[in-house]
4 protein chains.
Amino acid sequence: LDPHRQHLLKTFSAVRALSRALAEPLSAEDQQLQSMPDASPTKWHLAHTTWFFETLVLGAHDRGYRVYDDRFGALFNSYYESLGPRHPRPQRGLLSRPTLAEVGQWRRHVDSAMQAFIAGASEAAWSAAAGTIELGLHHEQQHQELLLTDIKHAFSLNALEPSYGPALPNEAAAKPLGAPSWIGVEGGIAKVGHGDDGSFAFDNERPRHPVLLAPHRIATHLVDNAAFLEFIRDGGYRRPALWLSDGWAAVQAHGWQAPAYWRWDGIHGDTPRDARAIDAAEITVFTLHGRRPLDVHEPVCHVSLYEAAAFAEWAGARLPTEFEWEAAAAAAAQTAANASIPHRFDLQHLHPARGLPGRGMQQLFGEVWQWTGSAYAPYPGFRPFTGPASEYNGKFMMNQTVLRGGSCATPPGHLRSTYRNFFPASARWQFSGLRLARDGI
Amino acid sequence: LDPHRQHLLKTFSAVRALSRALAEPLSAEDQQLQSMPDASPTKWHLAHTTWFFETLVLGAHDRGYRVYDDRFGALFNSYYESLGPRHPRPQRGLLSRPTLAEVGQWRRHVDSAMQAFIAGASEAAWSAAAGTIELGLHHEQQHQELLLTDIKHAFSLNALEPSYGPALPNEAAAKPLGAPSWIGVEGGIAKVGHGDDGSFAFDNERPRHPVLLAPHRIATHLVDNAAFLEFIRDGGYRRPALWLSDGWAAVQAHGWQAPAYWRWDGIHGDTPRDARAIDAAEITVFTLHGRRPLDVHEPVCHVSLYEAAAFAEWAGARLPTEFEWEAAAAAAAQTAANASIPHRFDLQHLHPARGLPGRGMQQLFGEVWQWTGSAYAPYPGFRPFTGPASEYNGKFMMNQTVLRGGSCATPPGHLRSTYRNFFPASARWQFSGLRLARDGI
Amino acid sequence: LDPHRQHLLKTFSAVRALSRALAEPLSAEDQQLQSMPDASPTKWHLAHTTWFFETLVLGAHDRGYRVYDDRFGALFNSYYESLGPRHPRPQRGLLSRPTLAEVGQWRRHVDSAMQAFIAGASEAAWSAAAGTIELGLHHEQQHQELLLTDIKHAFSLNALEPSYGPALPNEAAAKPLGAPSWIGVEGGIAKVGHGDDGSFAFDNERPRHPVLLAPHRIATHLVDNAAFLEFIRDGGYRRPALWLSDGWAAVQAHGWQAPAYWRWDGIHGDTPRDARAIDAAEITVFTLHGRRPLDVHEPVCHVSLYEAAAFAEWAGARLPTEFEWEAAAAAAAQTAANASIPHRFDLQHLHPARGLPGRGMQQLFGEVWQWTGSAYAPYPGFRPFTGPASEYNGKFMMNQTVLRGGSCATPPGHLRSTYRNFFPASARWQFSGLRLARDGI
Amino acid sequence: LDPHRQHLLKTFSAVRALSRALAEPLSAEDQQLQSMPDASPTKWHLAHTTWFFETLVLGAHDRGYRVYDDRFGALFNSYYESLGPRHPRPQRGLLSRPTLAEVGQWRRHVDSAMQAFIAGASEAAWSAAAGTIELGLHHEQQHQELLLTDIKHAFSLNALEPSYGPALPNEAAAKPLGAPSWIGVEGGIAKVGHGDDGSFAFDNERPRHPVLLAPHRIATHLVDNAAFLEFIRDGGYRRPALWLSDGWAAVQAHGWQAPAYWRWDGIHGDTPRDARAIDAAEITVFTLHGRRPLDVHEPVCHVSLYEAAAFAEWAGARLPTEFEWEAAAAAAAQTAANASIPHRFDLQHLHPARGLPGRGMQQLFGEVWQWTGSAYAPYPGFRPFTGPASEYNGKFMMNQTVLRGGSCATPPGHLRSTYRNFFPASARWQFSGLRLARDGI
């Protein structure tokens, strides 16, 4: 077998196995839960990622493949208009059939066919399909993270506050990292986006292109719970001047008083407590391993863009643009100063922008998704994937904000400095936090 | 053991066993489904009926009883304000925990405690609790029917159209009963409601009291699918003059073209078909045992009050009042002409109303719930149950219409001629149909 | 001219003049206001009542009549499906055209044509049209009352709290009438509804028919503000046990703490005041002549059925049925004990019900509409008006509750003891209050 | 009087007079209309712009000024949280009081005080207030445009289809401009935004800063109705692949089949016509002077960003970024090739970007607002106005898209090449159209 096939075969097995492992702690009942239209049941994630391989790879490229059950197409298509009608998104939690066991059988069936295909496809079929297979694996990794964020949200609505399982590795007690400091960047041209080195990237990361960075400073660390609590205690959630207009409307409509999953005595009562009287010691947070005391040293998490922007305003700062973030992350990677950067991280050469933070940057990857000040938009010369995958990214480029850096729930090997995640400004169920920036140096 | 305790012990076991049996064909995943706020998951029905006995009987009357899990109270309280806060009704489908197995354990725990209590309670405790136990059993029977209607609705939203299991006994193919005929009733005073003979009735059936019936005719049979199809083919769903104002608004808002669960080719298309061209042979109906061809001889089912009233208008008739229905049903029972009337049926003496339909009435019980023309209201001298059960019926006496007669999904032994069911006029997920009546004789 | 024509000519002029007079204090801008879908602009009331005569009388019966502007039909048809499409109800406030002046011209045009028709129509045309003319006048009187309730609601939403004009005559300071007492009625058969004496009644008041009254007591007076304030101070709006289920939901959804238009310091604040601390002297009420202090001796007004029922529950009483009310009103009229009953009041002979309250009943007519415990339903043998007017009443007989007695805003000559008004249980913008009743004597 | 005061005095009179003139064709009834929460009544625009001067200028800087009516503040504050509570935005149409005459008096009162202040204020007061006065005038110009778009929307909902008045000057029949051609721009650094030359600009146009343009082509002309009709006829509104995800959802939710205000026979029927059969000759368009035939040579107008983006996708193009647009507009101005550019247009020096379209660009200003591909975001170093005006722009920088160039409804003298307008992607009631661009040269 040629090395590319060998590599993909191995990666395929590993990624598919991780999905199974992530679902493992959950019963069939748990895997049925859909707590809101934006979230999906675990079982649906398992099925949808399987549907992706069956439909876009096997169905399109493997002549001998017989579709496992042709009724599953409509049930597990997420949003691909070109692939026909779909089960309504808000009703995914109503799919008790196929059963979890049946979905498992389907997964095994597709896994076998995929493995046979990767090993045995003709060169023509292989070269037509290989890109989509790789895409399917990265797609499945995205759903692995959603699986975790979605079950966390669902569990949070049950008064029993179930635990998903042991803490995620990097949800362990955080160590204080000292006060964040500012790193000044003189500005200039930087190259961003993913180049044509043959490694995988989503279409929205391409093409690599120059951007002009303004002079700015960027914080070495994420905003932590201690700082965010100060914002709360200073009346942050009660001062409209700090908020975007839509954000203030959201505060009032939803009664936000703190990040999602925070709780203190009386937080949901009719008579709100004086924020100044809230003490860190009385705050608990719902996590994937149940409710636990707030750790003030952890990055603040589960805040919307609106809360992130209001905090930045209160702090006399702003959010970095996605390109300020990417340039800093790439430079940090280059100096190898940041041990936490994943192996596959793509070293990107930047110049002539000067003063990029080669040293000092912390918590770039795998902590919390970092809201940026950038609306999600196509890069100059953006070309969507071809075929059905053309609907993968481009059609969502409106009313979404870019997040960078990945979270504790992002699977290993999935991140890169060019990676662009995106959510609406009001979303709080992702592991989302922020880093500050400022104009000028 | 005294006969009353013996009887209740036996009934308790039978009713509780039937709930288990009804849930038996369903997997834990199936039992999780909640398809709309008005419906509840099977597991929730199993848990809520258990909560009823634990809270209103054991917790209130059995000093030695320890609550199984004090977090369950808030999860499985349905609507009893006096018993504290509740899990939000639309989120019952999110309770993957407690698991179905845990709910089963809880049921067994409560069953044991209940059996011990019934057998061994002091006379004082027994006399205080016996009425609530009996209420709890009838309450559980109500949830047995809802369990069936709710899972049917949930399954109907899955494109796989799962089958709950074998047909309900009386869902077997119907035999034509010949054309319905009218039975004239001269009118006069009739006694309705449940008397003080010691047998069980809900508070809303009491007190027994006289009503004045106007001269009227009542149909011997229910309206069947053949007749309802004629209404459809005659443009029934497109002629506002036939409809109550709120009903016409519902037709337009929901796009109703036929009873719930009916389907024909193109029914959901953008371009509605000409109703005149719809043929019975092309209509299928979703049932508890999957989709099957429409049987024109069966009573029409799953129609709202609005559709029932529009049909009656089209037919130059009206719906019977709940008292016209009850008087006819009681008279029929008295003459023993109707073999389908349950054993426990309460023979009620009626006079001086003359001409009550002692003979000829068919399909009174256990076919489909029969919409009446009566708003759900308290009887003169109505007294709610005491204690928490005071919230059982009275507080719903607004914006609801009375249905009589029970359906194929009503458990055996649960019906009587005085029984008053009630739903909003727009409800279609119950097994609801109609019988016609007319003014004058 | 024959006396019938003469009478109708005179009444026509008087009724049409009153509409103009009621609109007189309002500017064209005021007459444009529509504050909610249930309410209509003054100008729309003026136009719609004109449309009624033009369409149902002149258009149908006067061959020589030319429609003034055939575009007005769609704009000012309220809800008559048989008469074609309509301007959307919630957008009536957007009809700046036709202008108020143009509507005035149209009114004059139609008035002239109507007067000529009444005076000069052939006998055939006259006998075909006379009933509809009479209906049109009573219809216009209904809109006269709505004109007042609708402008009151609209003005209440303007912080300037405009005054419609001088107090309505019977809005003058109320005199204490002493404590209400109970009058016992033994029950029995009473005749209700409007007979065939040739006088006008709506179709929903017919036919006159016997009803069976249960033994009961009825209060001599309406519930006044002092009593209702006691209910508030006793936590009435915070005790779910007092409320119908839908009513309690409304309390929570709308934040009701008092009847509509009541205000005290802090009533709309985030932190509700302790109800026990509310003093009558600090309460003001918005009225048609601006805001004024609460008069505790006036009947409580602008309460929903839900509030009326909760008050009754709190008081250990219930609302009278519409027939208990009608029988009492008719008997009171018969004994001439109640001077406030209008002249045209229809003396109805009642028997054999005994003990009907010939004496002692107060505040029966023209104070506030009195919520009853009766759902709005057709009488036995109900026959709708013929022609387009068949949509007048019958199609609303669902999810509405009957009110009796009329209010201070009801035009003179419009009331009778058989008159049935109806609104949804949640409506508060009508002049609606209550009288208590109790089971048994 | 110093020239600056003299200039502002003259401009103040002119701008205030134009508002009066724009309202002149409308009756008091017309000026009351609010057709949706996003739109405001004419009278409200007149009052709100007056409130701006009274509150932010006279109240803040003129010690001798007495507020005309202190109740008006809450009624006519639009969205300034720091200036206290406000009348609910969706209820602006309910303000029949103050009357139009009273608002006129208030305007005159404020005008006099403003004129006296401009002429006589101390130097200290003048220098503190002058910037806000200038802002107030540009603010009033913005409301002049909204006045026209809002009344057009309101009138469109009236079946009488009223005419606002004579055609706007540039709504006159358009002349064909020949096919648009592409102008290539090599890309490079361009300076955008408003410099510190002392002339007025909104805070969101500042600071002037360099941006990096990618190589691209930009169309010389706007997209016209003929081209947009081809899109429609080619099934543009029925092909999800052309649409942003949110855009496709809007198409389905609102049933969009054409730009707002277009109509053809059967467009709103139940059965949509085959788009291919729609002929230009049968299309009419609602305009400020009533309904008229579609002029295929006019720029397409009243399209949402979603429709603009779908059209661009269909045409194999994209929307220009706001900076591509601004650079082209500035270069065109520089060469004086475009006679329609307003006098006050700010000549901006651009380099080293090469190939900017000094010649050939047409229809840059005053035709239709041109949707760009840029989300509305702060410029690097953005500083909001100080004081209450800090809420003017910044807080809306989320979920809005930038439009450039102004429309036929924009007042003269209000535009410049740096001007940034912004609306949500779904907005259609503005005079909004598009120009195409493409990646690469």
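A note on names: the letters A, B, ... follow the listed sequences, proteins ahead of strands, and every chain is numbered from 1.
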Which bit of A/Leu75 comes within less than 4.5 Å of chain B, counting heavy atoms only: side chain, backbone, both or neither? side chain

Part of B/Pro88 within contact of chain A (heavy atom distance under 4.5 Å): neither

Name the region of B/Ala159, side chain, backbone, both or neither, that has any atom closer than 4.5 Å to a heavy atom of chain A. both

Name the one of B/Arg89, B/Gln34, B/Arg92, B/His87 that satisfies side chain to side chain contact (heavy atoms under 4.5 Å, CB included) with B/Trp44? B/Arg92

Without hydrogens or angle criteria, can the side chains of B/His153 and B/His302 be said to hold a donor-acceptor pair below 3.5 Å? no

Counting only heavy atoms closer than 4.5 Å, note whether A/Ala28 contacts chain B via side chain, backbone, both or neither. both

Between A/Ser35, A/Ala154, A/Ser96, which residue shows the highest count of heavy-atom pairs closer than 4.5 Å to chain B? A/Ser96

Is it true that A/Arg20 and A/Asp111 make a salt bridge, defined as a side-chain N closer than 4.0 Å to a carboxylate O? yes

Can you check side chain to side chain contact (heavy atoms under 4.5 Å, CB included) on B/Trp369 and B/Thr410, steps first, answer last? CA-CA 9 Å; B/Trp369 285 102; B/Thr410 312; 3.8 Å; yes

Are there more than 12 heavy atoms of other residues, nucleotides or ligands under 6.0 Å from atom CG of B/Asp69? yes

Under 4.5 Å heavy-atom distance to chain B, tell me which part of A/Gln31 shows up: side chain, backbone, both or neither. neither

